[in-house]
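Just the heavy atoms: all of them, side chains too, but no hydrogens, waters or symmetry mates, feed the values below.
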Amino acid sequence: MSFDPLRPRGRPAHTPGTTILAYTPDGRRIITGGSNSAIRIYTVGEDGEPKTIDEGVDAHFGIGATNRSFIMGAEDGTVWKYDIMSGKMQNLLVRCALPVRDIAVTRDGEWVAVASDELTVKIVKVDDMTQVKYLREQSKGTKHVTFDPSGRYATVSGTDGILYIYSMHEEEPELVRKLDGVIRRLEPDAEATSRAVWHPDGTAFASAEATRDISIYSTSEWKKEKTFAGGHSGDITALSWAPNGSLLASAAADGYIVLWEAKTQKILQRYDFGHVMNLSWHPTKNSLSFTTSDGELFIYDNFVPKDHQSLLQKPLQAAPILPGFLGEISNNVGRTTLAERSKEAIQRAARRGSPDSLDDILGEDDQMIDFVEDDDGAGYADEELNLYGKRPNDHLDDLGGSSNKRLYSGLEKPKAHPPLQPGSTPWAGSRRYLCLNLTGAVWTVDQETHHTVTVEFYDREAHRDFHFTDPYMYDKACLNDNGTLFANNPSDGSRATIFYRPHETWTTRADWRTELPEGEQIRALALSDSYIVAVTSKDYVRVYTLFGTPFKVYRQKSQAVTCSAWRDYIMSIGNGPIGIDGHTTLRYTVENVKRDEICQNEDTVALPEGASLQSVFFSDNGDPCIYDSTGVLLVLQHWRTPGQARWVPLLDTKQMARLAGGRKEETYWPVAVAQDKFHCIILKGGDKNPYFPRPLLSEFDFQVPVSSALPKDSSESEDTAAESTRFEESFVRGNVLLSLFRDLLSSTNATASQRSDLARRELDLDKNLLQMLAIECREGEERGMKALELVALMTDRNGKMLEAAAKIAQRYGRGVLEDKIRDLAERRVMGMGDDDELA
């Protein structure tokens, strides 16, 4: 065992516990964090005191850096961006409901991946936190996340012992492979590492095995290629490749840092340093920095001994995954490594199984692809080869043919809308909401062998909270004042189950459970005061009474996505024909189950291009509503009359005054529409779903998006334009709500209070028109035509409002307008129309 005589001294940086570090890409600074709130910025080559930042956030577990800024993730779930020169907090990039465990920044510094105890890994654009991508396939929380050098892949190390590999080529990341047995199953706070550490050439990564060896896996076939064996007797805690990929450094709980030669997998040197948690090579120098659980930072200059420094001085070396001379010709590696390695996998796949397969002749160690060299510098080694290893003829001139050389060889798979359970959220670590509405919340906790379900109510005087052990592992729920509905889709092949539990009953037991036919899964549930509805994977709409009697079964005409219910009405939504953007259009059907009447049949859900449905529900008055990913709330007007329905916006949340001027960065999670208000949960810091513990509900008044408050002519002031716009929006909104209320009364037996409420709404609308009339009269005689038009819009039945309108015209000295208003009033008394008068 050998030791370096120039052993560096430790620099106290943090309190004992977890420590992290990162170099800036230019190698000028080292940033460290730890279990306390302090952040240290060290200047490379200087022995002075580091710059210290203490912003009050404790327990930093993730770090990433660019030349201008650095990013820290903490135990409280926040991820902050800091300016590297001033050390000031710049902005909150994202907030997680559970502790952040790791951070990775792409080489270009544009994206940061955040791994946490939640199931989903978030990838946020550094300069625009509203742009977020999600890695959703994990079944447990995440311990590590890394990007390959080119940004093609993201690797996620799950605490379940599975390595998830995502392709980042598309706008939405796609899971490429799940590798089991490559990494260990570790607790999130374990000191041992399961990180996939990418080789600088991007064709392979290293990972620590349970055997305490280090394995190399290639991207060509995602299989083990080489092993660094016998280096450690304790759990490996950190790995780091030298900048040119010729060396590998590893640290372990046995108290040693080991220096390996990548090509031969031989140990070059051992260094006696205990409790090492993280390693990082300087980007250009012979220097290795590392932090320990004692809270110390070590900067080890001249880390590689003189006998082996020539390895560090070579240009980029190929990963030790394929035998042959290509990896030895270092001058050729920079051009050929990334392209040629991936091409070999394509060519092997094309040859495999063919009658003249070259694999049988050449064997694994003598592939023809290895002799492709750009000897004359012509550049053909950099070009893309086709499936058979030949150069394409794209360099030839197009002799009179079409300029579009590539023919579309197949139909692109349509992008269908995924199933949606209104009111539910994805897993956040080990818990998720199954239902959130104005009645209360249903949430579940994953206990691995079973779930535990809690039902909480806002009105605890009317209902009592309850809690139970859930062996069925329910994944959907609905809640109202009558009962709680559950459903599950087992992954073990057993049948899907529906379970209903009423809140009150006059019998000894009223709970009931039913199973769906084998192979049929539940895509969405709905619960009303009268019926239970389930849409399934076989596109069936199944309707039950509240106590389990099957009432109706039919197959909808489109692929089932979601459903909602109110009293005797149900609305089902499914994927319809493909739109021009490649996404399926959504089709909805509204039906009165009790009367067996279809109100709207397979009509289109009005969504803008690229938008998706976030929730669907009925308002407290029974009007269907949707909320889309663009932040717009819409209601279905005239839906009780076949062929007359249309989607009307009630609120565009992105145009609310609270967001004007970029003062706030927040989004809204829809809950309900009740009492002519939008009830929602405010999400801040890039959150997409409600967090735990249960957040408070907020409510906003409707605000129909009309025109902006700009002066309509040169004589009008900005204040007048704003006032006019406010009344115009109020008029449009009042008309919509009045029509919805009229439709409700026309389809039910209206009570005396409802009829008086209708008269009050009509009066309020006319008062709004009077206020608009006053503005027009005040602005001048030239606006008399519009003023008379406003009067004609009134629904006045007894002439009082028209008389008030005439008095307003008289007050502002608009004599001609006053005469025309009085003529209009007389014509209405006589039962004549308004058209001739307006002309």
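Arg107 CZ to Thr66 OG1: the interatomic distance, rounded to the nearest 0.5 Å, is 14.5 Å. With rounding to the nearest 0.5 Å, the separation of CG in Leu683 from NZ in Lys688 is 8.5 Å. Considering CH2 of Trp443 and CZ of Arg431, their distance stands at 5.0 Å, rounded to 0.5 Å. Interatomic distance, OG1 of Thr585 versus CD of Glu609, reported as 12.5 Å (0.5 Å rounding). The CD atom of Glu665 lies 10.0 Å from the NZ atom of Lys684; values are rounded to the nearest 0.5 Å.
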Would Glu209 and Lys224 count as a salt bridge (charged side-chain N to carboxylate O under 4.0 Å, His left out) here? Give the steps. CA-CA 11 Å; Glu209 295 190 329; Lys224 185 190 294 188; 2.8 Å; yes
Verify side chain to side chain donor-acceptor pair (under 3.5 Å) between Asn36 and His14, making sure each step is shown before the conclusion. CA-CA 7 Å; Asn36 59 349; His14 304 280; 3.2 Å; yes
Just do the side chain to side chain donor-acceptor pair (under 3.5 Å) check on Glu520 and Thr536 with the steps written out, would you? CA-CA 7 Å; Glu520 189 172 352; Thr536 73; 2.7 Å; yes
Given the rule in the salt bridge (charged side-chain N to carboxylate O under 4.0 Å, His left out) test, do Arg136 and Glu118 qualify, once you have shown the distances and angles that lead to the verdict? CA-CA 10 Å; Arg136 306 177 183 273; Glu118 299 179 7; over 6 Å; no
If you apply the rule side chain to side chain donor-acceptor pair (under 3.5 Å), what do you find for Ser612 with His417, and how did you get there? CA-CA 7 Å; Ser612 60; His417 198 293; 4.6 Å; no
Assess the residue pair Leu186 and Thr159 against the criterion (side-chain contact (heavy atoms from CB on, under 4.5 Å)); give the C-alpha distance rounded to whole Å, side-chain angles, the decisive distance to 0.1 Å, and a yes or no. CA-CA 5 Å; Leu186 295 172; Thr159 56; over 6 Å; no
Stepwise, does the side chain to side chain donor-acceptor pair (under 3.5 Å) test hold for Glu225 with Ser218? CA-CA 7 Å; Glu225 300 282 356; Ser218 66; 2.8 Å; yes
Let me see the working for Val79 and Ile71 under side-chain contact (heavy atoms from CB on, under 4.5 Å), right down to the final yes or no. CA-CA 7 Å; Val79 178; Ile71 299 164; 3.4 Å; yes
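Nearest heavy-atom pair across Trp111 and Lys133 is CH2-CE, 3.8 Å. Looking at every heavy atom in both residues, Thr146 comes nearest to Ala196 through OG1-O, 2.9 Å. Nearest heavy atoms, Gly245 versus Ala262: O-CB, 3.4 Å. When all heavy atoms are compared, the tightest approach of Leu239 to Ala208 is CD1-N, 4.0 Å. Taking both residues in full, the closest heavy atoms of His144 and Thr193 are given as NE2-OG1, 3.5 Å, listed atom of the first, atom of the second, then distance. Annotation for Thr219 and Gly202: closest pair CG2-O, 3.9 Å, computed over non-hydrogen atoms.
The shortest side-chain heavy-atom distance between Ile682 and Tyr668 falls under the 4.5 Å cut-off. Val100 places none of its side-chain heavy atoms less than 4.5 Å from the side chain of His60. For the pair Ile165/Tyr217, no side-chain contact is recorded, criterion being any heavy-atom separation below 4.5 Å from C-beta on. Inter-residue side-chain proximity for Ile31 and Ile84 is flagged as met; some heavy-atom pair is nearer than 4.5 Å. Between Val442 and Thr454, every side-chain heavy-atom pair lies at or beyond the 4.5 Å cut-off. Inter-residue side-chain proximity for Val561 and Pro419 is flagged as unmet; no heavy-atom pair is nearer than 4.5 Å. For the pair Thr291 and Val276, the minimum side-chain heavy-atom distance is 4.5 Å or more. Here the side chains of Leu248 and Ile214 are in contact, with some heavy-atom distance below 4.5 Å.
A cation-pi arrangement, defined by a distance under 6.0 Å to the six-membered ring centre and an angle within 45 degrees of its axis, is absent between Arg29 and Tyr23.
Between Asp102 and Arg195 a salt bridge is recorded (basic side-chain N to carboxylate O distance below 4.0 Å). Residues Lys654 and Glu666 are not paired through a salt bridge, judged by the lack of any N-O separation under 4.0 Å between the basic side chain and the carboxylate. We find that Arg68 and Asp83 are not joined by a salt bridge, their nearest charged nitrogen and carboxylate oxygen being 4.0 Å or further apart. Salt-bridge annotation for Asp235 and Arg184: present, with a side-chain N of the basic residue lying under 4.0 Å from a carboxylate O of the acidic one. Salt bridge status for Asp539 with Arg523: present, with a side-chain N to carboxylate O gap under 4.0 Å. Using a cut-off of 4.0 Å between Lys/Arg side-chain N and Asp/Glu carboxylate O, Arg101 and Asp117 are scored as salt-bridged.
Within the 3.5 Å criterion, the main-chain N or O of Ile162 finds a donor-acceptor partner in the side chain of Asp160. Thr562 places a side-chain N or O within donor-acceptor distance of the main-chain N or O of Leu420, the cut-off being under 3.5 Å. Of the possible donor and acceptor atoms, one in the side chain of Ser537 sits under 3.5 Å from a partner among the backbone N and O of Gln521. In this structure a side-chain-to-backbone donor-acceptor pair under 3.5 Å is missing from Asp628 to Leu607. Between the side chain of Asp201 and the backbone N or O of Thr203, at least one donor-acceptor pair lies under 3.5 Å. The backbone N or O of Ile522 sits less than 3.5 Å from a side-chain atom of Asn489, completing a donor-acceptor pair. No donor-acceptor distance shorter than 3.5 angstrom exists from the side chain of Asp687 to the backbone of Pro690, with no hydrogens or angles considered. Checked by atom type and distance alone, the side chain of Lys122 pairs as donor or acceptor with a backbone atom of Arg95 at under 3.5 Å. Ser157 places a side-chain N or O within donor-acceptor distance of the main-chain N or O of Ser194, the cut-off being under 3.5 Å. Asp470 places no side-chain N or O within donor-acceptor distance of the main-chain N or O of Thr444, the cut-off being under 3.5 Å.
Side-chain N/O atoms of Ser289 and His282 include no donor and acceptor closer than 3.5 Å. Counted by atom type alone, Ser430 and Asp446 present zero donor-acceptor pairs between their side chains at under 3.5 Å.
Using cut-offs of 30° and 60° on the angle between ring planes, the pair Tyr433 and Phe692 is parallel. The aromatic rings of Trp260 and Phe228 sit perpendicular, their planes meeting at an angle over 60°, well past the 30° parallel limit.
In this structure, the ring of Tyr627 has its center no less than 6.0 angstrom from the ring center of Phe617. Here His451 and Trp427 bring their ring centres to under 6.0 angstrom of each other. Taking the six-membered ring for Trp, Trp281 and Phe290 have ring centres at least 6.0 Å apart.
Shown are Phe147, Trp222, Tyr166, Tyr164; of these, the ring-ring contact (aromatic ring centres under 6.0 Å, His included) with Tyr153 is made only by Trp222.
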